[in-house]
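Because only heavy atoms are used, hydrogens play no part in the values below, and waters and symmetry mates are left out as well, while side chains stay in.
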Amino acid sequence: MSQKQQAASADMQNFLVQQQAKAQLQQTISRLTDECWTKCIGNPGNYMSSKEQACMDNCARRFLESTQFVVKYFQAKSSQQHEGF
């Protein structure tokens, strides 16, 4: 493979990684919205009550914190497995 083809291949790989990251972020936001909406919003109206706003804020924070925890856990586990080989 020529140097130009290798560069194009690396660029394509980077592009695909970026697109996958975007898709995962969109999926996470969608899941967060669905879960928190169901948990916090009783009867949708023209505005959210202060109780609903606080619930949505707390729900989103907990969701993101737990997601980060799980990601870090599996990253650490993965790196431990790679060190063992």
Would you tabulate the side-chain donor-acceptor contacts of residues 10-20 under 3.5 Å, counting partners in other chains and residues two or more places apart, or write 'none'?
residue	atom	partner	partner atom	Å
N14	ND2	A10	O	3.4

Give me each pair satisfying salt bridge (charged side-chain N to carboxylate O under 4.0 Å, His left out) with a member in residues 60-73, each pair once, sequence neighbours excluded. D57-R61

Has T67 got a side-chain atom pairing as donor or acceptor with F63's backbone, closer than 3.5 angstrom? yes

Within this structure, what is the CD-CE distance for the pair Q53 and M56, rounded to the nearest 0.5 Å? 10.0 Å

Quick one: CD on Q68 to CD on Q75, what's the gap to the nearest 0.5 Å?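 One finds 10.5 Å between CD of Q68 and CD of Q75.
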
Please output the side-chain donor-acceptor pairs of residues 38-47 that fall under 3.5 Å, not counting sequence neighbours, one pair per line with the distance.
residue	atom	partner	partner atom	Å
T38	OG1	D34	O	2.9

Which atom of M48 lies closest to which atom of E52, heavy atoms considered: CA-OE1, 3.3 Å

Under 3.5 Å, sequence neighbours excluded: what are the donor-acceptor pairs made by side chains of residues 22-32?
residue	atom	partner	partner atom	Å
T28	OG1	Q24	O	2.9
R31	NE	E35	OE2	3.1

Tell me, with the steps shown, if C36 and C55 meet disulfide (SG to SG under 2.5 Å). CA-CA 8 Å; C36 293; C55 180; over 6 Å; no

Go through the structure and list residues passing side-chain hydrogen bond (donor to acceptor under 3.5 Å, both in side chains) with N58, not counting sequence neighbours.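 Once residues adjacent in sequence are excluded, N58 has no partner under the side-chain hydrogen bond (donor to acceptor under 3.5 Å, both in side chains) criterion.
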
